[in-house]
Every structure is written in C-alpha cells, then in structure tokens.
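Working notes, beginning with the structure itself.
Convention: sequence-line order gives letters A, B, ...; per-chain numbering from 1. Note that this is a predicted model, so its numbers are computed, not measured. Computation of the quantities below employed the complete heavy-atom set of this structure, encompassing side-chain atoms and omitting hydrogens, waters and symmetry-equivalent molecules.
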Protein chains: 2
Amino acid sequence: MSDVRESADPGQGLTAAAFAPHDHKRCRVEGLARAEAVAATEGLRLTAVRRRALEILLEAHRALGAYEVLDRLAADGFGRQPPVAYRALDFLVEHGLAHRIQRLNAYTACMNPGRRHAPLFLICRACNAVAEAGGTRVRTALEGVAAEVGFAVERASVEAVGLCPACRQAGGA
Amino acid sequence: MSDVRESADPGQGLTAAAFAPHDHKRCRVEGLARAEAVAATEGLRLTAVRRRALEILLEAHRALGAYEVLDRLAADGFGRQPPVAYRALDFLVEHGLAHRIQRLNAYTACMNPGRRHAPLFLICRACNAVAEAGGTRVRTALEGVAAEVGFAVERASVEAVGLCPACRQAGGA
DNA sequence: CCTTGACGGTTACACTGTAACATATGCTAT
DNA sequence: ATAGCATATGTTACAGTGTAACCGTCAAGG
C-alpha cells in the first residue's frame with residue numbers, strides 16, 4: 001500500500017500515466033506515429049478506416065464501445081454498419097495496436113504497441129478512465145499458477161475495477 | 001478490498017482440480033452443501049430458482065451462458081424470460097456462489113464459496129473447460145502495480161485462455 | 001486483359017442484457 | 001389476525017453487442 005502519487009515510473013515500463021494530467025494532443029500524435037512505425041516494420045496495411053479508428057481511440061482517451069467508434073467513423077464518411085467498426089477494431093486488436101476491455105465491452109488504444117507486453121487495465125468506476133499498466137510481475141505470477149496445474153497460457157486479460165487517484169481524493173467512495 | 005484470506009494450503013491453495021478427472025456428482029452435492037452453509041451463516045435466501053440455477057452450473061461443470069441456464073430453468077418449470085436467469089445468476093455472483101467469466105459471457109459455479117478469495121480462471125480453448133484457481137500471488141502482484149500509480153483495486157478479474165493439460169497432450173495445437 | 005485476394009460496404013440476423021411493470025409470498029408491527 | 005411493507009418471481013418489450021453472408025471495388029501479378 002505504498003502511496004505513490006505521480007512519480008516517474010520505476011522500471012517495468014509502466015504506461016499508466018493515463019491517470020496523471022497530460023497533453024492529449026501529443027498522445028494522439030505519438031500514438032499514430034508509433035502505429036505507423038509498427039505497421040511499416042510488420043508489413044501491415046494501416047488503411048484509412050483502420051487508421052481513423054485508431055485515431056478515434058487515441059483522441060477519446062478512454063475506452064469506447066464499438067458503436068461509439070462506428071458513429072464517429074460514419075460521421076467521417078465511412079460506412080455506418082457494425083461490421084465496419086468491428087473489422088477495424090479487430091484488426092487493431094489483433095496486431096496489438098488496441099486492446100479490448102472485456103468488462104466494458106469496449107476498446108482502447110494500446111499505449112505501447114510493437115513491444116510484446118502483458119497489459120493490465122485499471123478501470124476507474126467513478127470517472128471511467130482506463131489506464132493500461134505494463135510490467136511482467138502479474139504475468140509471471142499468472143504463469144506460475146498455471147504451470148502448477150499444467151495449463152499453458154496463451155493470452156490473458158487482467159482487469160481491475162476501482163478508484164483512480166483523482167477520484168479517490170475526491171472521496172469517490 | 002485488498003484483504004484476501006486464503007486457506008492454509010501449501011503453495012497457493014489451488015482449487016483448479018477441474019482439469020483432473022474427478023467425480024462430478026460429488027462436485028454437485030458438495031457444491032450445494034457449501035452453498036447451503038454459506039447461505040445459512042450469511043442469512044441469504046437461497047430460493048428455489050437460485051438453488052436450481054446453482055445446481056445447473058455445478059452439473060454442467062463448465063461455464064454456461066445465461067440463456068443456457070435459462071433454458072434449463074424453464075424446462076424445470078421456472079419462468080422462461082431472460083430476467084429470471086439473470087436475476088438468479090446475479091444473486092449467485094453477488095454472494096460469491098458463482099463467478100462470471102467475462103471473456104465467455106458465461107457463468108460458472110464457485111468452487112470455494114464462503115471464503116473471500118481472488119479467483120483466477122483458466123479457460124481451455126480446445127475443450128472449453130474452465131478451472132478456477134485460487135491463490136494470492138497474482139492478486140498481490142496486481143495490487144503492487146496498482147499501488148504504484150495510486151489506484152485502489154476493488155474487484156479484479158483475471159482470465160487466461162490457453163490449453164488445459166489434457167488438450168495439450170492431445171496435441172491441441 | 002483477367003484473375004486473385006484483401007478490403008470495405010451492405011442487409012439481415014443472432015446473441016446478450018435490462019427497464020418497467022404486475023403478481024405472489026412472506027415478514028412485521030399493531 | 002391483518003394491514004402494510006419488502007422481497008422475489010413472473011411478464012412484455014426493448015436496448016446493446018456482435019456476426020454471417022453477400023457484393024462491388026481496387027491493386028498486384030500472370
């Protein structure tokens with residue numbers, strides 16, 4: 001229970017800065033740049049819809065439902081039927097450019113694309129912010145438990161619901 | 001809630017015996033008995049529908065969708081509209097007698113009711129078996145990461161998809 | 001040119017979950 | 001006992017989430 005406010009993260013490559021105030025615009029620009037880089041090195045086709053879908057997630061800076069993404073895509077002149085959004089989102093998730101938050105039936109841009117990572121999500125029940133935390137500790141623990149029963153983990157989702165620092169302070173009980 | 005009281009089992013108190021061959025009937029009988037005990041000590045009303053819903057989960061011994069549970073309830077003379085199943089399942093989950101598997105939109109009986117625990121689910125993608133593992137290691141790691149960014153975890157879901165021992169051996173590529 | 005394959009668009013539908021209201025059951029205070 | 005209240009079960013109707021299947025477009029390559 002060590003109280004850490006917003007110190008620079010120690011090792012672990014934490015990315016959960018989402019809870020700290022920051023410059024959204026930079027988030028979007030850098031996020032897109034990272035995605036472009038990943039797409040280039042992996043030979044992915046980051047088409048217009050896909051690119052725009054990712055941009056929408058980066059701008060929102062919170063988890064968006066597929067239909068929310070769809071609305072924005074439609075507003076930009078893309079198709080307005082569900083598969084349009086689902087296909088773009090599936091693509092992004094499959095290639096590690098976005099994540100699906102099971103608990104919310106929603107999607108969020110990946111803050112750390114390109115590197116293999118075992119993301120973990122912190123979902124604030126008061127303000128709905130979603131932070132992606134990195135780090136191997138949880139994954140290692142999970143692998144350990146699985147190994148004890150002979151289970152081979154391929155993919156894992158770890159999602160915690162609670163209160164973010166700001167909402168805690170605001171007495172978000 | 002960060003206080004997780006686990007059994008005194010050596011090595012994490014695993015309960016993931018689900019992957020090992022075992023006597024289903026006993027599972028059901030003992031599961032019901034445990035639930036009765038919990039209901040008694042906590043003053044819960046384990047009514048006919050609720051009890052039957054739990055029994056259905058225990059019998060299936062895998063995760064069931066709400067509508068699957070509903071079908072069986074209806075076949076037993078209970079209502080045949082969705083809220084019937086959802087209410088029973090919500091009750092069971094709320095009181096720790098069952099768990100919801102987010103990834104599958106499904107429910108499974110709790111193998112360890114009564115005690116506060118931080119369950120973790122191992123989902124075999126080949127045979128669809130779901131094992132509930134206990135243990136504090138993963139939870140502790142999660143709390144640690146959360147604490148670093150000042151996030152207060154209230155509830156967490158940890159779900160891993162992969163291959164169970166049997167399917168691994170069967171070359172479940 | 002013409003085939004091939006990926007992509008994006010559509011229609012139509014399936015699955016999952018909930019709001020709101022009506023009825024029954026059981027407890028409690030008088 | 002019974003009136004009043006809370007809880008539980010049942011209903012109808014609908015909202016939200018996700019997918020199957022088909023079709024036209026377009027770029028790459030024989």
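- Counting to the nearest Å, the C1' atom of C:dT16 and the CD atom of B:E68 are 12 Å from each other.
- Nucleotide C:dC15 holds its P atom 16 Å from the CG atom of B:L64, rounded to whole Å.
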Completion exercise
With sugar-phosphate taken as primed atoms, P, OP1 and OP2 and all else as base, the protein-contact string of nucleotides 13-22 of chain D at under 4.0 Å (heavy atoms; B, S, -) is ----BBBBB-
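- Note: CG (B:D76) to C1' (D:dG10) measures 16 Å, nearest angstrom.
- Rounded to an integer number of Å, the gap from NE2 of B:H95 to C1' of D:dA8 is 13 Å.
- Taking 4.0 Å as the cut-off between side-chain N and carboxylate O, B:R100 and B:E159 do not count as a salt-bridged pair.
- Relative ring orientation between A:F19 and B:F151 is described as parallel, the plane-to-plane angle staying below 30° on a 0-90° scale split at 30° and 60°.
- Here the rule is salt bridge (Lys or Arg N to Asp or Glu O under 4.0 Å) with A:E59, and of A:R72, A:R26, A:R52 only A:R52 fits it.
- In this structure, the CZ atom of A:R50 is 11 Å from the P atom of C:dG9, given to the nearest Å.
- In this structure, CG of B:L70 is placed 12 Å from C1' of C:dG17, rounded to the nearest angstrom.
- Side-chain atoms of B:R155 never come within 3.5 Å of backbone atoms of A:A160 as a donor-acceptor pair (strictly under, hydrogens ignored).
- A salt bridge links B:E68 with B:R62: at least one charged nitrogen is closer than 4.0 Å to a carboxylate oxygen.
- One can place CG of B:L46 at 17 Å from C1' of C:dT25, the figure rounded to the nearest angstrom.
- Residues B:F121 and B:H99 bring their aromatic ring centres within 6.0 Å.
- Spacing between atom CZ of A:F78 and atom P of C:dG9 amounts to 7 Å, rounded to whole angstrom units.
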